[in-house]
Visitor: 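If you scroll down you'll find the structure; I have some questions about it.
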Amino acid sequence: MAAAASNIQIATLKHYQLPSRKGFKPFGTTLSGNSKAPSFAKLSSSSNISSLPFFQQRFVSSSVKNERIVTKAMAEANDSKPISGLSIDLKGKRAFIAGVADDNGYGWAIAKALAAAGAEILVGTWVPALNIFESSFRRGKFDESRVLPDGSLMEITKVYPLDAVFDSPEDVPEDIKTNKRYAGSSNWTVKEVAECVKQDFGSIDILVHSLANGPEVTKPLLETSRNGYLAALSASSYSYISLLKHFVPIMNPGGASLSLTYIASERIIPGYGGGMSSAKAALESDTRVLAFEAGRKHKIRVNTISAGPLRSRAAKAIGFIDMMIDYSSVNAPLQKELSAEEVGNTAAFLASPLASAITGAVIYVDNGLNAMGVGVDSPMFKDLDIPTDKH
């Protein structure tokens, strides 16, 4: 069942971590300095499973070579050196990534790819995760994963506490206000964070929504409560509308916004419950509408990435992630394990001028699994000559 739950962007309360350096403050932390400056982590992710048509009687066998493709989404070590090829250049751009809490998920990978392309990185992270992230960063837990293609370390200019479930202070219930996990933090609702970013930096160019939460994700839809269902939509879908609503006014024309979705939005994925499939469907529908509205009013592009399974902490908390990855490796057109870097590179492309005519789109980054209509590992296909990468 949970073969579906793979890398969903679920905000689990465990294993959240936040970077910090000297002078880290629980609110509006500034992380800068030399190349050893901190970076930020991820909050969750997305995953994908099969879809679309595929029936064929014959398959031509051929060897499949599993290669890693590296894009030019990286900063040059020497600015005076001519750049060959078609590069992704985000120098002079500023990005805000909502939902980073460790270094092994899609949020982190997107931040890293944008930084590699030259963008300045700001991040927002779930308030109860601040202290854990700070502690992990100080222990050097993220040092290795901060290394960019040119050898430098990813830097985070500022870290903001964020709970995207609440739009403004008036929306925060008393039990949250008095919760000790929120003690010491302030200005963490969506509206307040946007105002703080405006005050600190004036504007941004890129907005990334990499967060979600489904408190009843392990329950079948028929067993999901109204509160659980609405909570999933609030944290996983409306949070993106709220972020865009409050950040669009400070986004420069020509900017880009993107989110992470999952194939359960359009296919039946047993185990991906609690209203999360509905939340992802809403997110994709909202992406199209927001692309029109933000495009017409603010010249901002809006897209979403439907990513394949990844061994993130969020996915492991839901379970069955290994099964998801194995299923993908056996059945996807490209027989290789998806890396977070590949999703990060796609995000860098979508945020760059190279994607200036792309908006309102769902971009699949899942080794092609979304295109499949059946699982070719089924015994019913045992007599077909289906190419398989044995390695």
Side-chain angles (χ1 to χ4, degrees), residues 1-16 43-49 98-99 101 105 107 125-129 162-182 188-190 209-245 259-287 289 304 306-307 309 312-321 323-324:
M1 158 171 142
S6 136
N7 261 359
I8 66 179
Q9 301 150 287
I10 297 294
T12 51
L13 305 186
K14 331 188 226 192
H15 302 305
Y16 267 27
L43 168 46
S44 50
S45 303
S46 310
S47 54
N48 296 12
I49 298 218
T125 199
W126 192 47
V127 184
L162 170 68
D163 192 328
V165 168
F166 305 107
D167 300 324
S168 63
E170 296 74 33
D171 300 325
V172 183
E174 196 60 32
D175 63 322
I176 295 294
K177 291 179 181 178
T178 58
N179 191 313
K180 63 181 182 180
R181 303 173 77 189
Y182 286 75
W188 42 259
T189 64
V190 176
H209 176 277
S210 176
L211 52 84
N213 183 37
E216 298 182 14
V217 66
T218 58
K219 291 184 178 181
L221 191 58
L222 278 174
E223 298 175 15
T224 299
S225 70
R226 182 183 295 272
N227 287 340
Y229 184 92
L230 294 178
L233 266 71
S234 174
S236 311
S237 305
Y238 187 80
S239 58
Y240 186 40
I241 297 174
S242 181
L243 278 171
L244 205 50
K245 173 183 177 180
S259 63
L260 290 167
T261 186
Y262 175 53
I263 195 65
S265 62
E266 54 185 292
R267 306 294 172 189
I268 300 170
I269 306 295
Y272 195 85
M276 281 304 301
S277 58
S278 306
K280 291 307 181 183
L283 181 66
E284 293 179 16
S285 178
D286 294 341
T287 293
V289 178
T304 188
S306 186
S312 66
R313 286 191 180 90
K316 289 177 181 177
I318 299 166
F320 303 96
I321 183 59
M323 181 191 302
M324 295 281 293

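Since the structure is predicted, the reported quantities are computational estimates derived from the model, not experimental observations. The figures here come from the full heavy-atom set of this structure, side chains too, leaving out hydrogens, waters and symmetry mates.
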Visitor: How far does NZ of K280 sit from OG1 of T304, to the nearest 0.5 angstrom?
Guide: 7.0 Å
Visitor: How many angstroms lie between CE in M276 and OG1 in T224, if you round to the nearest 0.5 Å?
Guide: 11.0 Å
Visitor: Is there a donor-acceptor contact under 3.5 Å from the side chain of S210 to the main chain of A98?
Guide: no
Visitor: Closest heavy-atom contact between G275 and Y229?
Guide: CA-CD1, 3.6 Å
Visitor: Is it the case that over 12 heavy atoms from other parts of the model lie below 6.0 angstrom from the NZ atom of K177?
Guide: yes
Visitor: Out of curiosity, I268 CD1 to L221 CG, how far, rounded to the nearest 0.5 Å?
Guide: 11.0 Å
Visitor: Look up atom OG in S242 and atom NE2 in H209, then write down how far apart they are to the nearest 0.5 Å.
Guide: 9.0 Å
Visitor: Could you measure the distance from the CD1 atom of I241 to the OG atom of S259? Nearest 0.5 Å is fine.
Guide: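 Here the interatomic distance stands at 10.5 Å.
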Visitor: Identify the two heavy atoms, one from L260 and one from L283, that lie closest to each other, and give their separation to 0.1 Å.
Guide: O-CD2, 3.3 Å
Visitor: Short question: side chain of E216, backbone of S225 - any donor-acceptor pair under 3.5 Å?
Guide: yes
Visitor: Do T189 and S168 have side-chain N/O donor and acceptor atoms under 3.5 Å apart?
Guide: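 No, no side-chain donor-acceptor contact under 3.5 Å.
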Visitor: Which atom names give the shortest non-hydrogen contact between A164 and V190, and what distance separates them?
Guide: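 Closest approach of A164 to V190: CA-CG2, 3.7 Å.
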Visitor: If I take atom CG from residue D171 and atom CD1 from residue I176, how far apart are they, to the nearest 0.5 angstrom?
Guide: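 The CD1 atom of I176 is 12.0 Å from CG of D171, to the nearest 0.5 Å.
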Visitor: Could you tell me which non-hydrogen atom of D175 sits nearest to which non-hydrogen atom of T178, and how far apart they are?
Guide: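 Shortest heavy-atom separation between D175 and T178 comes out as O-OG1, 3.5 Å.
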Visitor: What heavy-atom pair brings P128 and Y182 nearest, and what distance separates the two atoms?
Guide: CG-CE1, 3.8 Å
Visitor: Applying side chain to side chain contact (heavy atoms under 4.5 Å, CB included) to L162 and W126, what does each step give before you reach the verdict?
Guide: CA-CA 5 Å; L162 170 68; W126 192 47; over 6 Å; no
Visitor: Minimum heavy-atom separation for A279 and S237, please, with both atom names.
Guide: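 The answer is O-OG, 2.5 Å.
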Visitor: According to the interplanar angle, ranging from 0 to 90°, do the rings of F166 and W188 count as parallel (below 30°), tilted (30 to 60°) or perpendicular (above 60°)?
Guide: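 Because their plane-to-plane angle is over 60°, the rings of F166 and W188 count as perpendicular.
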